[in-house]
Amino acid sequence: MTLNFDLHCHSRFSADGISEPEEMILTAKAKGLHGFAITDHNTCACVDYFESIGALRSDGQPVDGLLIIPGQEITTREGHLLALGIRLPDLKGISAREAVEVIHQLGGLAIPPHPYDYFRAGIREQILDSLQIDALEVFNSATTLKRCNRQAFDYAKKRQLPMIAASDSHHIEALGVAYTILETEDFTVSGVLSAIKRSTALQQRYLTPKEAFKKTWNNVFRMKRKKKGSLEKLKS
């Protein structure tokens with residue numbers, strides 16, 4: 001069975017995301033995805049929300065032909081790290097090594113995203129060399145410079161790591177722009193995690209200028225919200 005999964009997606013529960021969870025489901029189905037991973041920054045609130053509306057099952061089975069993989073994008077001290085297949089509390093500030101250990105203890109996959117993107121918080125090569133990661137995101141459709149993806153691909157090839165492609169979507173138009181193609185007869189969360197570790201094919205497409213601008217605009221508002229929150233704390 002061939003399955004298409006976008007393994008790096010954000011919702012409105014991320015500080016820089018605006019995607020409504022229900023719209024993510026509709027968009028994923030419309031684009032022919034079999035599922036996606038919800039990887040909000042330092043929270044699994046959207047995982048809980050998906051479960052509360054019956055879109056995600058605790059036993060890892062799909063719902064109405066769509067499988068949502070629980071996860072999180074952890075802001076470690078050394079950079080971002082995707083945790084797939086598990087739920088986590090806010091671990092922001094933990095070391096990358098500790099984060100990998102926690103992910104593995106809970107049965108999830110540890111996958112660094114955009115490791116060579118100079119404009120985003122990727123875990124750099126010096127640290128990657130010391131981590132027992134399960135795969136590497138070698139294509140991120142929102143990466144600033146294309147050579148950053150090529151460097152990630154070369155590194156994964158050198159270490160013989162499984163590879164994933166993902167949209168890193170923060171708005172629904174970007175969801176499914178890039179995705180990972182898996183082969184498995186086990187259409188469950190555990191089956192997808194196992195398939196990622198075996199071998200994958202990659203659907204690679206970059207965000208259009210319009211889509212990239214929207215992501216940048218979201219980040220501008222995120223910084224404004226963060227600055228406003230900091231000022232309010234100082235006043236109080």
Side-chain angles (χ1 to χ4, degrees), residues 3 5-25 27-28 33-114 121 123 131-137 162 164 166-170 172 175 179-180 182 184 186-197:
L3 302 175
F5 273 81
D6 190 344
L7 296 170
H8 184 176
C9 305
H10 297 270
S11 74
R12 63 176 171 81
F13 288 92
S14 277
D16 55 351
I18 61 171
S19 297
E20 290 293 337
E22 292 86 353
E23 291 181 336
M24 294 178 75
I25 293 170
T27 300
L33 295 178
H34 298 91
F36 60 88
I38 183 66
T39 53
D40 285 318
H41 294 291
N42 306 306
T43 179
C44 282
C46 194
V47 175
D48 296 335
Y49 181 80
F50 276 133
E51 187 173 26
S52 74
I53 63 172
L56 181 152
R57 289 174 46 161
S58 60
D59 62 1
Q61 296 288 331
V63 176
D64 295 330
L66 189 77
L67 182 64
I68 299 175
I69 307 288
Q72 187 180 127
E73 185 169 11
I74 307 167
T75 303
T76 75
R77 286 203 296 268
E78 294 84 4
H80 293 174
L81 180 66
L82 297 178
L84 298 188
I86 56 175
R87 301 185 201 214
L88 293 168
D90 183 353
L91 298 177
K92 185 176 181 179
I94 193 174
S95 73
R97 182 183 292 276
E98 289 175 308
V100 170
E101 290 175 356
V102 170
I103 292 167
H104 288 163
Q105 286 170 3
L106 294 174
L109 299 187
I111 305 177
H114 47 72
I123 298 175
L131 298 178
Q132 296 300 311
I133 54 179
D134 300 292
L136 191 70
E137 183 185 81
I164 70 166
S167 67
D168 195 358
S169 64
H170 288 68
I172 58 168
L175 196 154
Y179 55 84
T180 304
L182 306 167
T184 181
D186 185 4
F187 188 26
T188 64
V189 171
S190 61
V192 168
L193 298 187
S194 296
I196 292 170
K197 295 177 71 174

Item to complete: Apply the test side-chain contact (heavy atoms from CB on, under 4.5 Å) to residues Ile103 and Leu81: give CA-CA distance (whole Å), side-chain angles for both, the deciding distance (0.1 Å), then the verdict.
Response: CA-CA 10 Å; Ile103 292 167; Leu81 180 66; 3.8 Å; yes

Worksheet item: Of all residues at least two apart in sequence or in a different chain, which pass the ring pair (Phe, Tyr, Trp, His ring centres under 6.0 Å) check with His10?
Response: His8, His41, His170

Worksheet entry | Results of side-chain contact (heavy atoms from CB on, under 4.5 Å) for Pro21 - residues two or more places apart only | Arg12, Phe13, Cys46, Tyr49, Phe50

Discussion item. Can you list everything that forms a side-chain contact (heavy atoms from CB on, under 4.5 Å) with Asp64? Sequence neighbours excluded, please.
Written reply: Lys29

Worksheet entry | Beyond-backbone contact of Met24 with Ile38, side-chain heavy atoms, under 4.5 angstrom | yes

Discussion item. By the ring-ring contact (aromatic ring centres under 6.0 Å, His included) test, which pairs, at least two apart or in different chains, include something from residues 82-113?
Written reply: none

Discussion item. Run the side-chain contact (heavy atoms from CB on, under 4.5 Å) test against Ser169 and tell me which residues pass, sequence neighbours left out.
Written reply: Cys9, Ser167, Ala174, Leu175

Discussion item. I'd like to check Leu33 versus Phe5 (side-chain heavy atoms, cut-off strictly below 4.5 Å). Are they in contact?
Written reply: no

Item to complete: Using atom types as modelled and distance alone, determine if a side-chain donor or acceptor of Gln72 lies under 3.5 Å from a backbone N or O of Ala83.
Response: no

Worksheet entry | For Ser190, all residues meeting side-chain contact (heavy atoms from CB on, under 4.5 Å), sequence neighbours excluded | Asp186, Thr188

Fill in: Pro113 versus His80, closest heavy-atom pair with distance
CD-O, 3.2 Å

Worksheet item: Looking at side-chain heavy atoms only, is the closest gap between Ser194 and Thr184 below 4.5 Å?
Response: no

Worksheet entry | Minimum side-chain heavy-atom gap Ile133-Pro112 below 4.5 Å | yes

Discussion item. Is there a salt bridge (charged side-chain N to carboxylate O under 4.0 Å, His left out) between Asp90 and Lys92? Walk through the geometry before answering.
Written reply: CA-CA 6 Å; Asp90 183 353; Lys92 185 176 181 179; over 6 Å; no

Practice prompt. Check whether any side-chain heavy atom of Ile196 lies under 4.5 Å from a side-chain heavy atom of Thr180, and answer yes or no.
Written response: no

Worksheet item: Heavy atoms, side chains only, cut-off 4.5 Å: are Leu82 and Leu7 in contact?
Response: no

Item to complete: For atom CZ of Arg87, decide whether the heavy atoms of other residues, nucleotides or ligands shown that lie under 6.0 angstrom number more than 12.
Response: yes

